[in-house]
Engineer: 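Handing you this structure, nothing more for now.
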Amino acid sequence: MQLWARVRSRAECPLRRGAWYRVVEVTPVEAILDVNNRLLHIPRAWVQILPLRPPLWSVVEGSRDATGQDAGSQAVYGVCPNCCGRSALHRTAATWRCQRCGMVSAVGWSDSDWRPFEVRMQRPTARTLARARAHALRALAAAFGIHP
């Protein structure tokens with residue numbers, strides 16, 4: 001089973017915030033991530049680890065804009081779930097088209113729905129994986145106005 005990690009919003013980490021990275025190994029102290037074909041050891045407290053890569057735009061609020069320039073504390077940009085390209089987001093957008101790859105995806109304005117699925121020390125159960133996948137599908141359906 002593949003695990004995915006991204007930097008927590010307040011962590012001062014050398015990785016790009018909002019981008020998801022493949023997890024190679026998890027220990028009680030660190031996560032070993034594949035970053036551009038290099039293995040990086042990152043403290044566990046700095047990353048959120050999930051049993052799937054959410055198919056939603058990651059929303060990053062902070063000091064960098066879509067071009068990576070300092071934009072003040074109120075700047076908001078998104079990271080594409082497909083290509084990890086950055087784009088400025090409108091605060092009312094439910095979906096967004098990536099200017100880099102053209103993919104349209106839902107915008108994940110809150111990560112609180114994903115917190116129950118965060119991987120602790122043990123591997124997630126099949127039930128947890130199924131719930132995470134079902135949640136992702138519901139979020140996408142809601143964003144695109146599809147009612148099952």
Engineer: Is it the case that one hydrophobic cluster holds both Leu52 and Met103, taking links as side-chain heavy atoms less than 4.5 Å apart, direct or via other members?
Structural biologist: no
Engineer: Is there a donor-acceptor pair closer than 3.5 Å between any side-chain N or O of Arg8 and the backbone N or O of Val47?
Structural biologist: yes
Engineer: Closest heavy-atom contact between Tyr77 and Arg17?
Structural biologist: OH-O, 4.0 Å
Engineer: Determine, stepwise, if the pair His41 / Val29 fulfils side-chain contact (heavy atoms from CB on, under 4.5 Å).
Structural biologist: CA-CA 10 Å; His41 297 251; Val29 178; over 6 Å; no
Engineer: Could you grab the distance from atom CZ of Arg86 to atom OG of Ser58, nearest 0.5 Å is fine?
Structural biologist: 12.0 Å
Engineer: Is the closest side-chain heavy-atom distance between Asn82 and Arg100 below 4.5 Å?
Structural biologist: no
Engineer: Using modelled atom types and a 3.5 Å cut-off, is there a donor and acceptor pairing between side-chain atoms of Trp109 and backbone atoms of Ala93?
Structural biologist: yes
Engineer: With the side chain counted from C-beta on, respond yes when Ile42 and Val35 share a heavy-atom pair under 4.5 Å apart, and no when they do not.
Structural biologist: no
Engineer: Contact between Trp57 and Pro81 at the side-chain level, heavy atoms closer than 4.5 Å - yes or no?
Structural biologist: yes
Engineer: Between Cys98 and Cys101, which heavy-atom pair has the shortest distance, and what is it?
Structural biologist: SG-N, 3.4 Å
Engineer: Please name the pair of heavy atoms, one in Leu39 and one in Asp34, separated by the smallest distance, quoted to 0.1 Å.
Structural biologist: CD2-CA, 4.3 Å
Engineer: Of the non-hydrogen atoms in Arg16 and Gly85, which two are nearest, and what is the gap between them?
Structural biologist: NH2-C, 4.5 Å
Engineer: Any heavy-atom pair between the side chains of Arg22 and Trp4 that's under 4.5 Å?
Structural biologist: yes
Engineer: Nearest 0.5 Å, what's the CG-CH2 distance between Leu89 and Trp96?
Structural biologist: 6.0 Å
Engineer: Which heavy atom of Ala5 sits nearest a heavy atom of Ile49, and at what distance?
Structural biologist: CB-CG1, 3.9 Å
Engineer: Are the side chain of Gln2 and the backbone N or O of Val23 linked by a donor-acceptor pair below 3.5 Å?
Structural biologist: yes
Engineer: Please report the closest heavy-atom contact between Ala19 and Arg6, naming both atoms and the distance.
Structural biologist: O-CB, 3.2 Å
